[in-house]
Amino acid sequence: MEIVISIVAKVAELLVVPIKRQIGYVIDCNTNIQNLKNEVEKLTDAKTRVIHSIEEARRNGKEIEVDVENWLRSVDGVIEGGGGVVGDESSKKCFMGLCPDLKIRYRLGKAAKKELTVVADLQKKGEFARVSYRAAPSGIGPVKDYEAFESRDSVVNAIVDALKDGAVNMVGVYGMGGLGKTTLVLKVAEQVKEGRLFDKVVLALVSHTPDIRRIQGEIADGLGLKLDAETDKGRASQLCEGLKKMTCKKPETRTMRVLVILDDIWKELKLEDVGIPHEGCKILMSSRNEYVLSREMGANKNFPIQFLPASEAWIFFEKMVGVTVKNPSVQPVAAEVAKRCAGLPILLATVARALKNKDLYAWKDALKQLTRFDKDEIDKRVYSCLELSYIALRGDEIKSLFLLCGQLRSNNILISDLLRYAIGLDLFEGRSTLEETRNRLHTLLDELKASCLLLEGDNDGSVKMHDVVHSFAISVASRDHHVLTVADELKEWPTTDKRQQYTAISLPFRKIPDLPAMLECPNLNSFILLSTDPSLQIPENFFREMKELKVLDLTEVNLSPLPSSLQFLENLETLCLDHCVLEDISIVGELKKLKVLSLISSNLVCLPGEIGKLTRLLLLDLSNCERLEVISPNVLSSLTRLEELYMGNSFLKWEAEGPSSQRNSACLSELKLLANLTTLDMQITDADHMPKDLFLCFQKLERFRIFIGDGWGWSVEDATSRTLKLKLNTVIQLEEGVNTLLKITEELHLQDLNGVKSILNDLDGEGFCRLKDLHVQNCPGVQYIINSMRMGPRTAFLNLDSLFLENLDNLEMICHGQLMAESLGNLRILKVESCHRLKNLFSVSMARRLVLLEEITIIDCKIMEEVVAEESENDTADGEPIEFTQLRRLTLQRLPQFTSFHSNRRQKLLARDVRSKEIVAGNELGTSMSLFNTKILFPNLEDLKLSSIKVEKIWHDQPAMQPPCVKNLASIAVENCSNLNYLLTSSMVESLAQLERLEIQNCESMEEIVVPEGIGEGKMMSKMLFPKLLRLELNGLPKLTRFCTCNLLECHTLKVLRLQKCPELKEFISIPSSADGPAMSKPDNTKSALFDDKVAFPDLEEFLIAETDNLKVIWHSELHPYSFCKLKTLGVWSGKNLLNIFPSSILRRFHNLETLLINGCDSVEEIFDLQVLINVEQRLAVMASQLRVVRLKNLPHLKHVWNRDPQGILSFHNLSTVGVLGCPGLRSLFPASVALKLPQLEVLRIVNCGVEEIVAKDEGLEEGPEFLFPKVTDLLLRELPELKRFYPGIHTSEWPRLKTLRVYGCEKIEIFPSEIKCSHEACREDHMDIEGQQPLLSFRKQGEFG
């Protein structure tokens, strides 16, 4: 019963409550509507207040919060909806308003109740704490006027890549002022924003006077942060906190990626002082000084900004100037002006703007200003940039060095010259020795390079200075230090008053007037004259008034005799007389303060005894004094303070030991007294004259190039600073001093050394730890380079970079036994030649440590079988493959026993067993091994050269067995590999995406270059692509029938194609007849063409084909679109069965051809087949051929060069050279329309041909044509027995520049019916060499040719 009651109660509740709610809508309708009115009014008031706040925020430049704007839209919708409910209130009654309408009351009451809830909710949401926020500045927008130079784009991309690197936090960009660093970092900012690499990118200018408060403000504004602290430190704390909040990782919010750009940093800027955290955001910096970025700011990576290359500079300059530069009179001056700007963007832009729309005189004036270079007008901005960099140099020493560099040649400043001048000028205080001075010099040079005021030189031992910087340095030196130097020519010597002020005169290879009798320069410290005039003479009293002179450099001057006024230079410390004509230099001995004496490449015969008086001498350079035969006894031993002695390629006639009174020249023992030597270059041809303890005396030796033994040429261009070359009959001559040198030698050459079996064991038991380059040649006793079996495992050759082994008849192993792990770990280059007992180079264990090896070359080793060998069962490559990750070049030549780069012991044993049983077929036993396999990998190999090795396969046929070592191959050269049937399988082609050069020569079994994957399986590719191939050469392949089998071969970048001595080659590619069928050739009833529409060579410029005896047709009438359109040079040799050269239907395709060479094609009857084109009803526009050179030789069946007159089809007006030889079937050379338009023809030679006339008769031609050859200088007609006339008919010909006319063996020659005019004097009778019965040309009465 209770259950029933409960159910009834629940039903009643469910029914009554809804009924009550629905009735309430009718009863409370008025109340609900009134409440809604009240709440809508309140909401409207709230909306008004928010709008007022929004207007105020916008006036203050703030952005409106998104939720506020969304709220306003919602409020507008609700107010509109609420108004509708209220507006319907009048319709609540019916019967003329007397009775209430219950239905309407219900609807309105319900709607008002519902709307009231929405309004209340909006009122609550409208209680905003703030309606706006301080917007971040629009930030870094697109970079205006950015020039997308290729050289700059690569730097931008590299910087972006660095910023993507998670391990890189700070990136630097450095370069000289005016190179466009700011523009470049802005471009980086634009690129990373577009690529969404960073959410916020902000930039602050630092400058050479950094304002911390401003920098903080620029960063904060860019990030939308407000800094209100009073102090810089407080602001830094706020900025740091803001950046950390943005960049820290939080689960509830996305981390912001921030890039801060600090532009134009001049010195260390402490990030904590600014408020930039060291972690979280990334930082991109720009500076003029690399050291500021790397050492003071701690950049992880730095990128240099270089000067624009000449081509890009001209494009930029031309674009800036506009049409003015197109003016023919302005253009050459404009080119010189642009050149003077030397690739500096700020100068290019400044000059271009200044000269836009200017006349020629303004251009010439600008060129003069650029030559002078000063603060005026056109150079002002650049000068300002450079002056700031100069002022920023820290200390007077570096500034003095910079100005000294400016006094020398900008493109080749020798560091050795700077050292000698610095010594003489006492440039570096507190440096008393050459070694200290050298160290200081190199330190400051590095700083100048870091400041971008100097550049790396083209050669080691030199630096360069940009032309604009050089001009600036000259300007400053002249302005501030009274230095006389000129950019190109000194037209006259300054007045006496000016000379009195000069502190330095520098004229490095400049044109100068005659020297004055005496140069009055009492304050002169240095005089540098590098002469361009070998006849220049120094007046006798020239130096009399230069008593303060400290540095004198006279190069390439005739100083025979030396001027006597030289003795007045009592303060002289550096004297350089390089490349001078010298006789007696005894007077130099009076210069008692001299520290540096350089006589490089002078013709000095004797170094006199007076030189021994120069007891302060620190450096003596006699390099390349090849005529020096005598050094007076005791001269060298007297120079006890000498630190550097250079005698390379110079004095060789060392006398035997003995008292000086009994000697005429120096002996080696004198050198033992030079205990301060740090540098020594010398040759000792006779080791028997060498004192046993000679080299023990040189305890301070840092640099040396010492050649001992006869026959060493003095070649030191690539030599290291510690080079020792030994050619000794016996190891006994390696006295203790030489052994000491061996321990510190970096480059060692050993030749004809007897008594040595192991290089390491017998010469330096300590392991040659400093050696970088080792050359061993012609040492018959050497069996091992390292023999650890004799001495036990040890560390050896820790720093060896290159190893060269040549003609070592008994060398059995490079390393015999085990080595410590670090040994040979830095080896990069290994070259082995003519080592006939060497079977392999490395064991597996040794190969695994050669991780830096870049180049392997093995040549002419008769029993070499492999590069990597397994020495024992434990020494195998069955586990992890051996990977030569750095190997770039591999050369294997003349190795008759070579089978594989690496083969395992089981393969070799099986192969030997097969050979011993004379079993031929044994592929399953591994006898047909490929050169490369998956056990040895070199993924970065770029250059592969194979010659005269007997391998049958280079790579395995099966893709699974092919090593991934071809993806970076750029060059493959294979020659004299007689067992190779093919080069590649089709599956490998896709991996050769980087291949640029492919050359295959003299491989007598080669049938196809690329074979289908899986021999005999019939698999093939529909398209084969070599995307970067530039050069393809196939030569001496007697069995080659095709290049490959596929439906399409694409080589879009191919420039050069050479096919020689491939007699069976008829089709370049064969097309498969079906998916699983063999490659098919065309039916026998059609002529096969070498190239058809299945070959795409759109960029080909040079094509040479020779000795393809069975080829009948080169080009099919249908070719791939654009193939051969860029062909410039075509050569065809010895095509015995070739029927024609150019099919008529594709002749227009070859309009870019410039050179045509045809030789020895027995069946060719015509060169240009115009028949089809002539018959085409609708004529096309005349096409101008670019053909310049035509040479036709030994074509016995040639009937026509052009088989029809090309008039109206092709123009050949660019022809400059035409030569025809050995064409007995040829009756005429030129059609009339061609001969009438040869304005560029210079040389015409016809020899041993059947021509009857040079120009063929054209019936449609008007009577009496005029043939003008305005540029012909050379005309040869020889052995033309049928030649009767130039042209069969009345005509006129003119040869105004003809210089050489030769006519031989032309018996039937007839006199031309009209006269040939020759207005050039060179056509005189005495220039003519004419044989035959009748002259080809006759004279008119006026003396002209007729």
Side-chain angles (χ1 to χ4, degrees), residues 403-414 416-425 470 473-474 477-478 481-494 496 498-499 501-569 571-582 585 587-588 591 594 596-604 621:
L403 297 180
L404 178 60
C405 291
Q407 296 175 43
L408 307 177
R409 287 184 298 171
S410 62
N411 62 343
N412 187 27
I413 303 170
L414 298 179
S416 58
D417 287 346
L418 292 174
L419 176 67
R420 294 165 194 206
Y421 301 154
I423 286 288
L425 294 169
H470 189 252
I474 290 174
S478 174
H481 300 278
H482 303 292
V483 174
L484 172 62
T485 187
V486 292
D488 46 21
E489 180 179 2
L490 179 67
K491 294 186 177 179
E492 62 180 10
W493 290 97
T496 303
K498 286 188 176 180
R499 293 182 200 172
Q501 299 177 9
Y502 288 138
T503 61
I505 295 176
S506 182
L507 302 167
F509 300 109
R510 306 292 190 243
K511 292 181 180 179
I512 62 171
D514 291 338
L515 297 173
M518 184 167 60
L519 198 64
E520 305 92 337
C521 298
N523 296 308
L524 202 65
N525 289 320
S526 70
F527 183 83
I528 300 172
L529 174 59
L530 312 184
S531 174
T532 58
D533 181 5
S535 65
L536 182 69
Q537 295 282 337
I538 305 293
E540 189 69 15
N541 293 314
F542 186 73
F543 300 110
R544 182 179 287 273
E545 296 298 327
M546 299 184 190
K547 294 181 180 180
E548 295 300 318
L549 198 65
K550 291 185 174 182
V551 172
L552 175 60
D553 187 345
L554 302 174
T555 294
E556 293 193 29
V557 178
N558 188 338
L559 296 173
S560 178
L562 281 171
S564 60
S565 57
L566 200 66
Q567 63 186 316
F568 293 104
L569 304 179
N571 290 304
L572 195 67
E573 296 187 16
T574 292
L575 175 61
C576 302
L577 305 177
D578 301 339
H579 301 274
C580 287
V581 177
L582 298 172
I585 63 167
I587 193 175
V588 173
L591 306 175
L594 209 59
V596 174
L597 176 59
S598 178
L599 304 171
I600 299 172
S601 297
S602 70
N603 67 345
L604 191 69
D621 197 339

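Given the structure is predicted, the values throughout are model-derived calculations rather than measurements. Note that these values count all heavy atoms, side chains included, but never hydrogens, waters or copies made by symmetry. By convention here, the first residue in the shown sequence is residue 1.
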Value for NZ (Lys550) from CG (Leu569), rounded to nearest 0.5 Å, stands at 13.5 Å

First locate atom CD1 of Ile587, then atom OG of Ser565, and finally report the distance between them rounded to the nearest 0.5 Å. 7.5 Å

Main-chain N/O of Ile474 paired with Thr485 side-chain donor or acceptor, under 3.5 Å: no

Which distance, rounded to the nearest 0.5 Å, do you find between the CG of Leu566 and the CE of Met546? 10.5 Å

How long is the gap from OG on Ser560 to CD1 on Ile585, to the nearest 0.5 Å? 12.0 Å

Determine yes or no for a side-chain-to-main-chain donor-acceptor pair under 3.5 angstrom, with Ser598 supplying the side chain and Cys576 the backbone. no

Hey, does the side chain of Thr574 reach the backbone of Arg420 with a donor-acceptor pair shorter than 3.5 angstrom? yes

Minimum heavy-atom separation for Leu490 to Pro513, with atom names? O-CD, 2.8 Å

Ile512 side chain near Val486 side chain, heavy-atom distance below 4.5 Å: no

Under 4.5 Å between any side-chain heavy atoms of Leu536 and Asn558, yes or no? no

Taking it one step at a time, do Leu559 and Leu554 satisfy side-chain contact (heavy atoms from CB on, under 4.5 Å)? CA-CA 9 Å; Leu559 296 173; Leu554 302 174; 4.2 Å; yes

For Thr555, which residues count as a side-chain hydrogen bond (donor to acceptor under 3.5 Å, both in side chains) partner, sequence neighbours excluded? Asp553

Tell me which donor-acceptor pairs under 3.5 Å the side chains of residues 515-533 have, and how far apart each pair is, sequence neighbours excluded?
unit_1, atom_1, unit_2, atom_2, d
Glu520, OE1, Arg499, NH1, 2.9
Asn523, ND2, Gln500, O, 2.7
Ser531, OG, Asp533, N, 2.9
Ser531, OG, Asp533, O, 3.0
Asp533, OD1, Ser535, N, 3.0
Asp533, OD1, Ser535, OG, 2.6
Asp533, OD2, Ser535, OG, 3.2

Without swapping roles, check the side chain of His470 against the backbone of Gly406 for a donor-acceptor pair under 3.5 Å. yes

CD of Gln407 to CG of Leu507, rounded to nearest 0.5 Å, is 10.0 Å

Strictly distance-based, threshold 3.5 Å: is any side-chain N or O of Asn412 a donor or acceptor partner for the main-chain N or O of Leu414? no

Is the number of heavy atoms from other residues, nucleotides or ligands under 6.0 Å of Glu489 CD greater than 12? yes

Between the main-chain N or O of His481 and the side-chain N or O of Thr503, is there a donor-acceptor pair closer than 3.5 Å? yes

Which pairs, with at least one residue in residues 536-548 and sequence neighbours excluded, count as a side-chain hydrogen bond (donor to acceptor under 3.5 Å, both in side chains)? Glu540-Ser564, Asn541-Arg544

Is any side-chain heavy atom of Leu562 closer than 4.5 Å to a side-chain heavy atom of Leu577? yes

Interatomic distance, Leu549 atom CG to Leu575 atom CG [nearest 0.5 angstrom]: 9.5 Å

